[in-house]
Number of protein chains: 2
Amino acid sequence: MWIKTTPRPREISQLPNSAIPVTLVSIKVACSQCSLRELCLSEGLSKEELAKLDGLVGTRRKLRRGQHLYRAGDPFEALYAVRTGFFKTDVLIEDGRDQVTGFQMTGEILGMDGISTEAHSCNAVALEDSEVCLIPFAQLEHLSREIKALQHNFNKVMSRELVRDQGLMMLLGTMRAEERLAAFLLNMSQRFTLRGYSPAEFHLRMTREEIGSYLGLKLETVSRAFSRFQEEGYIAVQQKHIRILDIEGLRQLLNHRNI
Amino acid sequence: MWIKTTPRPREISQLPNSAIPVTLVSIKVACSQCSLRELCLSEGLSKEELAKLDGLVGTRRKLRRGQHLYRAGDPFEALYAVRTGFFKTDVLIEDGRDQVTGFQMTGEILGMDGISTEAHSCNAVALEDSEVCLIPFAQLEHLSREIKALQHNFNKVMSRELVRDQGLMMLLGTMRAEERLAAFLLNMSQRFTLRGYSPAEFHLRMTREEIGSYLGLKLETVSRAFSRFQEEGYIAVQQKHIRILDIEGLRQLLNHRNI
DNA sequence: GAGTCGTTTTGATCCACATCAATACACACG
DNA sequence: CGTGTGTATTGATGTGGATCAAAACGACTC
C-alpha cells in the first residue's frame, strides 16, 4: 500500500541553480555554464566556441503553466531549449481531433518542426511554469557553418528526434494498451534518470487524457492500466505521483509479448 | 467496373533519362543535371555550388527488388537519395513484431536516422529494382559549412521528415481504419503528382501487409477497406493497381469525421 | 498446361479498447 | 468550511478491427 507521507522526488524547478551565478553578465544566459550541456548543443565545443554560442543564445523566456510557447502556424524564427519545466507538443486537425506528439523536459529542444516551412506545425504548451532559452535559427545556422561540432550536434539532435518518432510509431502501430503505458513509464524513468533524478519515483506533469492522447488511448484506458499495474505490484500510483516498484517487470511486459 | 485494358500509368522506371546524358563524365552522377533537384538538396544553389555538390555525390548504387540498402545496426556513413525505384523502411523488435515506418520514392532521402548514433536504426529495402545516389555524410557536413543554401536545404529535409512523422502519429493515434487508408491513398496520389505522374492512377509497390504495417492495421483490414472504397465508388482496385475515381470523396472521408 | 507459392479477398467469430455513466477525489475560491 | 471545477477511478455495455479459416487469384516454374 502506498503511504501518503512518502517524500516526493525533487522537483525539476528545484534544480540546483548554483552553477549559474546570477550576475548582470550571466543574466543573458550562458551555455558555457549550463548544466545541461551534454543534452543540448554545446557538447564538445572549445572554450572560444562556447563563448560564441553563449552570444547566440540571447534571451530566456519564462512561461506560466498552460501558456503556449508557440502555436501551429506561427512564423518560425527560433528554436527553444528547455531550461526548466515541462512541455507538451500537440497537433490538431479541423474536425477537433488532436494528438499529443511529445513531452519535452529540461535540456530538450523544441521547434524543429518549423524549419521546413518557416512556420510551426504544432503547438507547444508549458505543463508547468517553465523557462526556455531562445536560439534564433538563422544565427544558429550561421554559427554552425563556423563551428563543426555545433553543426554536428545539431544534426544529431534532429536525427535523435527522428529515431524517437520511429519508436513512437512502433508503439502506436503495434503495441497493446499496457505495453504502451509500460513503454511510456520506462521512457519517463530513463529521462528523469539522465537528469539526475530518481529512476523509480517521479511526478507526472500531464493528465491521464494527455498521456492517453500521446499513446493513442482513451483516458479511461490509461487509468485502468495504471490501476492494473498497481494491482500487479509493478508501480504505486497516487494521482500524478508514480513510484516504480518492479522496473524489470515493466521491461518484461514490453519485450516478451505475452500472447 | 474496372477494365483490364486500362493503360497503366507510366512506371517510375520509365522516367525519361534523356536529361542525364550517359557519358563517361556523368556516369558518376550529376546533381546539376538531375531532374529531381527541387525535391532534393540542390535547390537554390549556384552553378559553382552545384558543381561542388556533384563532386560530393560520388557513386550510385543499384538494388534489385527485395535487396537491403542498409540494415538496423549497420554503421552510418552516408545518406542515400532515391534516383529511381521505391523503398520501404522498417523497424523490428526482438519479439518479432515489426512496423513499416515509411515508403520512399524518387527524390527522397534515406538514412537520416543513422546520424544520431552513427548506426542505422531501421532497415531500408528496395520494393522494386532501384537506384540511389550515395551522399557521404562527413563530406555533406563539410560542404554544408561552405554552402549556406545546401546547409539550409538539408535542415529543411530533416525537418520535413519530422513533420511527416507528426502526421503519421496523428494517423496512428486518432484515425479509424478507413480514414487511415484514405490518408494513405491521398498521400501517394500527391507524391506521384509531384513527380509528374497521374494523381488518379498509380501502381502500389507494396503488399497489403506492408500497407497494413505502415498504417497500424492487419492486411485483412486493408483489403476490406479497399473493397469498401471500391463499392462506394471512391476508387477502382485491381490488385496493386489503383485508380482514384472520387478524390474529393476521399478527402471528405478524412476531414469530416462521420460519427 | 499443370502445379506451386505468395498474395489477396471474403466470411465468421472474438476480444481489446472505446464509449457511456456514475462516483470519488484534489484543489481553488468565496 | 462548504461549494465548484477539473481530474481520476471504476463499472457496464458496445463495437471496430483482430483473428481464424478458407477460397480465389496471379505469377512463376517445370
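In what follows, chains are A, B, ... by sequence order, proteins preceding strands, each numbered from 1. The structure presented is a predicted model; accordingly, all values stated were derived computationally and were not measured.
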>> Within the supplied structure, the quantity of interest is the number of heavy atoms (other residues, nucleotides, ligands) at a distance under 6.0 Å from B:E131 CD; does it exceed 12?
In response: yes

Could you pull out the protein-nucleic contacts involving nucleotides 13-16 of chain D (nitrogen or oxygen on both sides, under 3.5 Å)?
none

> Could you give the CZ-to-P distance, from A:R65 to C:dC27, as a whole number of Å?
Replying inline: 11 Å

> With a non-hydrogen cut-off below 4.0 angstrom, is A:G212 in contact with a base, only sugar-phosphate, or nothing?
Replying inline: nothing

> Does B:F103 have any ring pair (Phe, Tyr, Trp, His ring centres under 6.0 Å) partners at least two apart in sequence or in another chain, and if so, which?
Replying inline: B:Y214

>> Without decimals, in angstroms, what is the distance between B:Q230 CD and C:dT9 P?
In response: 9 Å

>> Can you list everything that forms a salt bridge (Lys or Arg N to Asp or Glu O under 4.0 Å) with A:E248? Sequence neighbours excluded, please.
In response: A:R251

>> Using side-chain heavy atoms (C-beta onward) and a distance below 4.5 Å, is A:R97 in contact with B:E179?
In response: yes

> In terms of side-chain heavy atoms of B:K240, which of D:dG17, D:dT9, C:dT8 is nearest?
Replying inline: C:dT8

>> Nearest heavy atom decides the nucleotide; on that basis, is A:G216 or B:V222 closer to the 5' end of DNA chain C?
In response: B:V222

> Would you call the rings of B:H120 and B:F76 parallel, tilted or perpendicular if under 30° counts as parallel and over 60° as perpendicular?
Replying inline: perpendicular

> For the pair made of CD1 in A:I242 and P in D:dA8, what is the distance, rounded to whole Å?
Replying inline: 10 Å

What's touching nucleotides 10-12 of chain C from the protein side, N or O pairs under 3.5 Å?
{"residue": "C:dT10", "atom": "OP2", "partner": "B:S227", "partner atom": "OG", "Å": "2.5"}
{"residue": "C:dG11", "atom": "N7", "partner": "B:R224", "partner atom": "NH1", "Å": "2.8"}
{"residue": "C:dG11", "atom": "O6", "partner": "B:R224", "partner atom": "NH2", "Å": "3.1"}
{"residue": "C:dA12", "atom": "N6", "partner": "B:R224", "partner atom": "NH2", "Å": "3.4"}

> Would you call A:E108-A:R164 a salt bridge at under 4.0 Å N-O?
Replying inline: no

>> So, using salt bridge (Lys or Arg N to Asp or Glu O under 4.0 Å) as the criterion, who are the partners of B:D90 when residues are at least two apart?
In response: B:K88

>> Could you work out, with side-chain hydrogen bond (donor to acceptor under 3.5 Å, both in side chains) as the rule, every residue matching A:T101, not counting sequence neighbours?
In response: A:T89

